[in-house]
Amino acid sequence: MNDMINSGALNLASMAFSLLVLVIGLVVWFFVNRASVKANEQIALLEALLEQQKRQTVLLRRICEANEPEQQVEEAPAQSQKDEDDGFIRLVAER
């Protein structure tokens, strides 16, 4: 009779321990799953941001290319004027 009482208590303790391990496992799973979902959301947002930045880069390149010929035309005479001035200085003998 005493063995029956002890084994019943042991079974009850074993079930309580198993239930406790199950609850702890579910809590850990909940937090890991929640962190994973947040990480996936952040990755999706970062990918969307990357796409927007790529589009902005393409637009900026188009704008720069559209303005580039005007700047080169203005810079070319200034560059040649500087080359001519340097050429004249080179012809003068140093003392």
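The analysis underlying the following values was restricted to heavy atoms, covering all of them including side chains, and did not include hydrogens, waters or symmetry mates. Note that the structure is predicted; figures quoted are calculated from it, not measured.
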Check your understanding: When you look at L19 and M15, which way does the side chain to side chain contact (heavy atoms under 4.5 Å, CB included) test go after all the steps?
Key -> CA-CA 6 Å; L19 185 62; M15 287 180 57; over 6 Å; no

Review point. Do you reckon V58 sits in the same ILVMFWY cluster as L50, going by side-chain contacts under 4.5 Å, direct or chained?
Key: no

Check your understanding: Are L46 and I43 grouped together when hydrophobic residues (ILVMFWY) are joined by side-chain heavy atoms under 4.5 angstrom apart?
Key ->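 No; I43 is not reachable from L46 via cluster members.
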
Exercise for review: State the CD-CG distance between Q42 and N40, to the nearest 0.5 angstrom.
Suggested key: 9.5 Å

Point to revise | Atom pair CD/OG1 of Q52 and T57 - distance to nearest 0.5 Å | key: 11.5 Å

Exercise for review: Mark yes or no for whether S36, through its side chain, and V32, through its backbone, hold a donor-acceptor pair below 3.5 Å.
Suggested key: no

